[in-house]
Amino acid sequence: MIKEVTKVNLRIRSKSEKETKRRGASQWAVAWRRFKKHRSGLVGLGMIIVLLGIAALHNVIAPYPARPHPDAFKPLYEGESAQPPSWKHPFGTTVMGTDVFSEVIHGSIYTIYVAVTVTLISMALSVGVGIVSGYFGRLVDDVLMRVTEVFLVFPSLLFILLFSRIYQLGVAEPFWDVFGIKIPVGLTIVVVIVSIFGWASYARVIRGEVLRMKECEFIQAAKSLGAGSRWIMLRHIFPNILPQVIVLATLTMATAVLVEAAVSFLGFGDPNTITWGRLMEESLQDLSTVWWAEVFPGLAVFLTVLAFNLVGDGLSDALNPRLRE
Amino acid sequence: MNLLEIENLKTYFFTEAGVVKAVDDVTLSVERGCTVGLVGESGSGKSVTAQSVLRIVPRPGKIIGGKILFNGEDLLIKKEEEMRKYRGKKISLIFQDPTSSLNPLFTIGSQLADIVIEHEKVKKDEALEQVVKALRIVKLPDPDHAIYQYPHQFSGGMKQRICIARALLLNPELLFADEPTTNLDVTIQAQIIALLKDLQREFGMTLVMITHDMGIVAEMCKYVVVLYAGNVMESGSIEEIFERPHPYTEALLKAVPRLDETRKLISIPGNIPNLIDPPSGCRFHPRCQYAIDLCKERKPELEDVGNSHFISCHRWRELQGGRY
Amino acid sequence: METHTSSRAIDGANYKEVDIEMPPLLEVRDLVKYFPVYSKGIFRKKIVGKVHAVDHISFTVNERETVGLVGESGCGKTTTGKLILYLEKPSSGQIFFDGKDVVQTFSKGSKEEQLKLRRSMQMVFQNPYASLDPRMTVYDIISEPFKIHRHIPSNEWKDRVYKLLEMVGLEPYHAERYPHEFSGGQRQRICIARALAVEPRFIIADEPVSSLDVSIRAQILNLIMELQEKLGMSYLYISHDLSSVRQISQRVIVMYLGEIVEQAPTTKLFDNPVHPYTRALMSAVPIPDPKRKMNVIILPGEVPSPINPPSGCRFHPRCQYADQKCKEEKPSFSQVDVDHFVSCHYWHKFA
């Protein structure tokens, strides 16, 4: 009998000889192949890479240093305040006499800081709560979901503004020095508050995904093999919701940039960091005369948000399980 | 003249990974008033054939060649506008999953009546009367009450009855049933099969039964078309096919367990081929125990071997002892 | 002939009478599982009823035996499988595996004992597309049991995985691939390999072939039977498909609405079905032979809701022979033959 079985195997083998003995393509590889064909996603990715490049080289690219360095006001001393865009000042200058182009370039570093930290904090919270709540269900789920709902029903922008103002009153030192990098304290406070008010809706999405996955037979199979809860959550559930988390993360980045800009624009931001929102706030009253000081920072926010959204779109198409081969 | 004649139909799916030749050169005919079985496994092209006749092939699928003659008229050259008059009215389709083919938001009465109103321009009351009549034909209990209920209030078997009633609403000449019992329990399957047989007998309906179950074919059909990997392997009367089968059909019959006897199962080696790069020659050759070099090199024609039995196999005559 | 056959005579006639002295490998006693039904409240959920998924069932599976568990959807056959593996907690009842109390071990036993029991009982699931983690390679999937149990040294894992792949008819290079690169039949082979990795003595196969193509089913059924021949484990084969149950099992248990209605050795059951439900079920299966005209017993109506199962004999609303007694009194098991049991008041009419 075993002989017969081997014969059949040989048949199958000779048939499959045609397909080369290649390594298997993981779903990440498949997704990347898909993403490479996604035009707008690639455009978005390109824009983000450019933004990262600008942020990394901001001191090299910008013709004028960042405030509070006195040289930031050089155009003023040269009698060039409130100038429209020109070769010397591509985005024009403000009434205060600063170069808008330089300030936008310097602001990019804060934008990235906000996007990354808000995303890290809110994703950590939402993934943790989502997985634990979805996996354990029952009482754990009830409690965690009630907590989530509390955060969802808060008028979040109002609270963000309120808390930003309260906490910033207590800021003694404008920057923390962490290994030589200056971390703006006020901005970090805004970031933390935005994260705390932003994770709840993602936690619900992730919980839903976990609930769906929990019913999958491979989870049952792992249980019947003797795997414990932690094993299942870390080895099976987390890797499988990761694509979803990544898509959510790109969208969170976009939202974070937008919310921070809004907070600063309304004058509740960190007074010591010149973010794009802050730039817009400063020149708001001069909108009729120096429109460029308003438009270019706004354009920067718009393009950044667009880039993150394009990438998020591309990723969600690439990682969409329904389109899988 | 046959009610439906399909000649050299080719329906391909243009996917990211390549062109899937889902239906490749399928030729078959359906006689008026007959129950014809369209048998095949997944990827055989049986459902796509039905979708092609109604011209509702989902994207990225496309009919790229052949003729579909319905009452002698080629459906493939009709305008979309004209085609809509065929769907539901002259040709209709019952799906595998009754739950997803009914809209959960509307009552049975209103979603079925809409179809009548759309095609026949009648008043709502008249349409509802027709719906009740159709529901009565499919033996749905208490149809006068049922029209005010929503799909989720019915069990799977009842939903399938409603779907059959919907397909019959406009007295179509041709009815496709795409695996109508696959999602149902055995005892409910028996009810639905009995219903379809009754309907066929009473109204002389032409029914194309799409299935993978040779048992259902033997039970219901007069003629059978066997598909494999987008090609017709054979077609003919039910008796011919069970007595003098194509090697694929023969292998299939030996591989399924039977309720009435225990015997060794002789399994078919290998897997169902990938239709982006289908096997050369006869598409069954890599899994066929009788395959010779010729089978690999040349695709066999679908030829008439008598008794209106059509077979696509190089070796069939020889295997039958040269009697045909 | 180049075909994939099993040398074992599958016929139930070959079924050896079990030595009564030998204790069964698995014994299920009075097993019950009710799922609560909640009302939707704002603050507190209230239990308003219960689904009688499995209702006081008892049976045994012997060493090297395949027992078929058949029934239609909602009869509790899958839940029974999950209860035995403690993937669901039984509401009451006992399960003994090789003399050990399964429920006690999983609810109160030490981690070591639990893992040991996990190594003796495994499951193969219905849907091979959902039962493999899409983000793991076949190697990772099959070696996962080794990582969990650590019962063999890690330098032997690789050899073991390749041996298991060979055993289920796959190639060594398949180990590097991901589940989405395989067909349904191949995936089911991977699932079987994973179950075999812990060298279990008992495997629950829950509809292992029903989502596969017709031409692939025989491959997997034959593989399952061959493996039993070679490795000598027992199976509980759960299915709605009577034909495959006949093919693979030596003994069959028929369930209806959470209860066992009939059990007997395969040949006896198929030659002489006694319970009206079993008879209707068997008559409803279409036979692939145009010369055999079916004599279908069409059951009226549908399976009632397991939330409010019918009184008395649960089959009575659909049974053409039912009378007042069936409605009021639950039938107990009657012995038709030495090993043939049926739960019907009027079984002697049909035997």
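Residue numbers begin at 1 in each chain, while the letters A, B, ... track the order of the sequences.
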Looking at A:Ile219, A:Leu225, A:Asp142, A:Leu242, which makes the most heavy-atom pairs under 4.5 Å with chain C? A:Leu225
Of the non-hydrogen atoms in A:Phe218 and C:Pro134, which two are nearest, and what is the gap between them? CE2-CD, 3.8 Å
If the contact rule is any heavy atom under 4.5 Å from chain C, which residues of residues 115-129 of chain A qualify, in numerical order? none
Okay, C:Lys147 and chain A: the region with an atom under 4.5 Å from a heavy atom over there is both
Could you tell me whether the side chain of C:Glu144 and the main chain of A:Ala222 form a donor-acceptor pair under 3.5 Å? no
For A:Ser224, is there any backbone N or O sitting under 3.5 Å from a side-chain donor or acceptor partner on C:Gln122? yes
Hey, what do you get for CD (C:Glu88) to NZ (A:Lys223), rounding to the nearest 0.5 Å? 8.0 Å
Could you tell me which residues in residues 226-235 of chain A have at least one non-hydrogen atom under 4.5 Å from a non-hydrogen atom of chain C, sorted by residue number? A:Gly226, A:Ala227, A:Trp231, A:Arg235
Non-neighbouring partners of C:Tyr34 that pass ring-ring contact (aromatic ring centres under 6.0 Å, His included), sequence neighbours left out: C:His52
Residue from C:Leu117, C:Leu85, C:Leu115, C:Leu132 scoring the most non-hydrogen pairs under 4.5 Å with chain A is C:Leu132
Applying salt bridge (charged side-chain N to carboxylate O under 4.0 Å, His left out), which residue pairs with at least one partner in residues 191-217 of chain C are found, sequence neighbours left out? C:Glu63-C:Arg201, C:Lys77-C:Glu207, C:Asp98-C:Arg201, C:Arg160-C:Glu199
Less than 4.5 Å to any heavy atom of chain A: does that hold for the side chain of C:Met136, its backbone, both, or neither? side chain
Return yes when atom NZ of A:Lys214 has more than 12 non-hydrogen atoms of other residues, nucleotides or ligands closer than 6.0 Å, and no otherwise. yes
Quick check on the interface: out of C:His149, C:Arg119, C:Met123, who has the most heavy-atom pairs with chain A under 4.5 Å? C:His149
